[in-house]
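The structure appears right after this line, and notes come after that.
Starting from 1, each residue takes its place in the sequence as its number.
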Amino acid sequence: MIVSRLTAKAQTTIPRPVRIALGLDPGDELVYEIDGAKVVLTKARPGAATDDPFRTFREWETEADTKAYADL
């Protein structure tokens with residue numbers, strides 16, 4: 001079993017064996033899938049659809065907003 005500790009800022013270090021198993025490099029994105037009391041951690045695939053936490057906010061989805069915030 002591999003264990004890591006959560007800091008007061010809700011951060012953790014991904015242990016080396018996990019980074020190797022997932023082929024993680026600095027800057028890679030991770031995907032968290034919640035399955036009951038378990039969480040499955042995988043390496044995000046570039047261009048793959050992810051769960052957007054802002055998808056419910058529709059007040060800034062005009063064409064002008066999309067253009068203004070396109071580079072963020």
Does the side chain of [Y] come within less than 4.5 Å of [X]'s, by heavy atoms?
X	Y	answer
R19	T13	yes
Y32	V40	no
D28	L22	no

Is there a continuous path of hydrophobic side-chain contacts, each under 4.5 Å between heavy atoms, that joins [X] to [Y]?
X	Y	result
I2	V39	yes
L24	V31	no
L30	I34	yes

Looking only at non-hydrogen atoms, find the nearest pair between P15 and V3 and report the distance.
CG-O, 4.2 Å
Rounded distance [0.5 Å steps], CG in D25 versus NZ in K43:
5.5 Å
